[in-house]
Amino acid sequence: IMNIWGVVETATPLQTEMALRQILPERYWISINSTLVAFGQKTCTPLRPHCDRCVVASWCPKIGVTPRTVGRIALPDASRKFVSWNVNGLRAALNNGFLDIIQDLDADVVALQEIKVHPDQVPESLQNIDNYQIIWNPAKKKGYAGTAVFTRNTPLRPSFGLGNPLFDDEGRVMTLEFTDYYFINVYAPNAQPELKRLDYKLEFNRALLAHMNRLRLEKSVVLCGDLNVAHKEIDLANPKANIRNPGFSKQERAWMDAVAEAGYIDTFRKFDASPNRYTWWSYRFNARAKNIGWRIDYFIVDGASGHRVLDASIHETIHGSDHCPVSMVFR
């Protein structure tokens, strides 16, 4: 932030700290630091800062800044914007600006994972969001897993699960049929430390791919959600240290290989091959501020529908969960 304001011209946090020690009286260090940390988390974010709502925007020189784009982007006729987000508890997300975020994202369909809530547990403000119909798929166990979809267009038919109570009781899969595509919202199981739940996850993965393959025979398939796996080394910050850990085990990655070999497209990589683009960060060790993350949230389409994908993005500047939203534009 101090570099953006032109107060210092430094390349590392340590250089910045040393320069500011020479400028700022010591009695202000703690209070100023706390203020700037909060400001950097909510407004002056490292990537695409929120200059549109910044209280100091009128005098900020914006050195080296590319502000975020706000408002609904003009989309080609007949195209739709989809958003997917693991909210890690919908009630917690509501306390972290969820309604404003959804309004800013302005999507036609919003898929949520890990909602950890039943419909009767959410406030009326959520039930009455303008222009959205909410379709719920909570886990039987309260406070755990579950999925939901907010949609502006009523689907022809919603269905829930994969036909196996082992998965379906946890509210992990919901499929909405629209006129020319199926929309699948997925919250895949975590393989758990020491891969204790790996067999369960692999069984889930096999059933999910079979479900996708059946649907693709009828019309386009759009799958999104938290798949709890980073496919390639580029998709996490520390691949060597995680080679045997849940989310990067060879068995989980082999399933992602099978998805690709079956002709499905990881839409983000269709547009962006750069490293350091992640969708989940641990709450520990200040991982998000250091961008020590994993890309485990996806939009995937069948190969025959690749030409229908116009854009795919990661919204890492949006907080409110340990995941950030991902989006896709589909015609």
Side-chain angles (χ1 to χ4, degrees), residues 84-89 92 111-116 137 139-141 143-147 161-162 164-173 184-212 223-262 264 266 268-269 275-288 290-300 314 316 321-326:
S84 175
W85 192 12
N86 180 322
V87 292
N88 193 8
L112 305 180
Q113 303 89 42
E114 203 173 1
I115 58 173
K116 298 182 181 179
N137 184 32
K140 284 191 173 181
K141 178 182 176 181
Y144 179 73
T147 49
L162 296 171
N164 185 334
L166 283 176
F167 317 132
D168 301 347
D169 287 353
E170 295 185 355
R172 292 192 175 274
V173 178
I184 308 173
N185 179 20
V186 179
Y187 176 41
N190 188 300
Q192 297 296 319
E194 300 180 3
L195 304 180
K196 292 178 181 177
R197 216 182 189 200
L198 179 61
D199 289 343
Y200 173 86
K201 182 175 185 180
L202 295 178
E203 186 178 353
F204 173 91
N205 286 348
R206 287 189 291 268
L208 177 61
L209 183 54
H211 180 60
M212 296 159 63
L223 179 142
C224 71
D226 175 6
L227 298 185
N228 258 314
V229 57
H231 186 196
K232 305 287 188 180
E233 290 192 356
I234 194 177
D235 294 319
L236 71 166
N238 296 312
K240 302 302 183 189
N242 286 286
I243 198 70
R244 294 181 178 84
N245 287 338
F248 200 60
S249 68
K250 64 179 182 179
Q251 297 94 327
E252 293 168 276
R253 296 170 65 200
W255 179 78
M256 289 294 291
D257 290 338
V259 170
E261 290 164 3
Y264 292 94
D266 176 351
F268 179 74
R269 288 301 180 206
N276 306 317
R277 301 299 304 278
Y278 307 126
T279 66
W280 174 81
W281 304 261
S282 171
Y283 281 132
R284 298 182 297 170
F285 311 123
N286 205 24
R288 188 157 190 172
K290 298 174 183 176
N291 199 29
I292 303 172
W294 298 52
R295 189 176 73 93
I296 59 176
D297 301 87
Y298 298 83
F299 268 98
I300 290 172
I314 291 173
E316 56 265 273
S321 168
D322 52 351
H323 295 249
C324 73
V326 297

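Only a predicted model underlies this, so the values are computations on that prediction, with no experimental measurement involved.
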Taking only residues two or more places apart in sequence, or in another chain, which ones meet [X] in a salt bridge (Lys or Arg N to Asp or Glu O under 4.0 Å)?
{"X": "Asp168", "result": "none"}
{"X": "Lys140", "result": "Asp169"}
{"X": "Arg197", "result": "Glu170"}

With side chains defined as the heavy atoms from C-beta onward, is the minimum distance between [X] and [Y] less than 4.5 Å?
{"X": "Asp297", "Y": "Phe268", "answer": "no"}
{"X": "Cys324", "Y": "Trp281", "answer": "yes"}
{"X": "Pro246", "Y": "Leu195", "answer": "yes"}

For [X] against [Y], the heavy-atom pair lying closest together:
{"X": "Ser321", "Y": "Trp85", "answer": "CB-NE1, 3.8 Å"}
{"X": "Ala188", "Y": "Leu227", "answer": "CB-O, 3.5 Å"}
{"X": "Pro239", "Y": "Phe248", "answer": "O-CE2, 3.6 Å"}
{"X": "Thr147", "Y": "Tyr187", "answer": "CG2-CB, 3.9 Å"}
{"X": "Ile314", "Y": "Tyr278", "answer": "CG2-O, 3.4 Å"}
{"X": "Leu208", "Y": "Leu162", "answer": "N-CD1, 3.9 Å"}

Output all residues satisfying side chain to side chain contact (heavy atoms under 4.5 Å, CB included) with [X], sequence neighbours left out; order by chain, then residue number.
{"X": "Ala262", "answer": "Arg216, Tyr264"}
{"X": "Lys141", "answer": "Tyr144"}
{"X": "Phe285", "answer": "none"}
{"X": "Asp322", "answer": "Asn88, Trp280, Tyr283"}

- State which residues pass side chain to side chain donor-acceptor pair (under 3.5 Å) with Ser84; sequence neighbours excluded, sorted by chain then number.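 Ser84 satisfies side chain to side chain donor-acceptor pair (under 3.5 Å) with Gln113 only.
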- Qualifying residues under side chain to side chain donor-acceptor pair (under 3.5 Å), relative to Tyr298, sequence neighbours excluded: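 None.
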- Task: State the CG-SG distance between Asn185 and Cys224, to the nearest 0.5 angstrom.
- Result: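 Rounded to the nearest 0.5 Å, the CG-SG separation comes to 5.0 Å.
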- Mind jotting down which residue pairs meet the salt bridge (charged side-chain N to carboxylate O under 4.0 Å, His left out) criterion with at least one end in residues 241-255? Sequence neighbours excluded, please.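 The answer is Lys201-Glu252.
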Without placing hydrogens or testing angles, list every side-chain donor-acceptor pair under 3.5 Å for residues 231-238, not counting sequence neighbours.
residue, atom, partner, partner atom, Å
His231, NE2, Asp257, OD1, 2.7
Glu233, OE2, Lys240, NZ, 3.2
Asp235, OD1, Arg269, NH2, 2.8
Asp235, OD1, Arg295, NE, 2.9
Asp235, OD1, Arg295, NH2, 3.3
Asp235, OD2, Lys232, N, 3.0

- Contacts of Tyr200 that satisfy ring pair (Phe, Tyr, Trp, His ring centres under 6.0 Å) - sequence neighbours left out: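 If we apply the ring pair (Phe, Tyr, Trp, His ring centres under 6.0 Å) test to Tyr200, skipping adjacent residues, the hits are Phe167.
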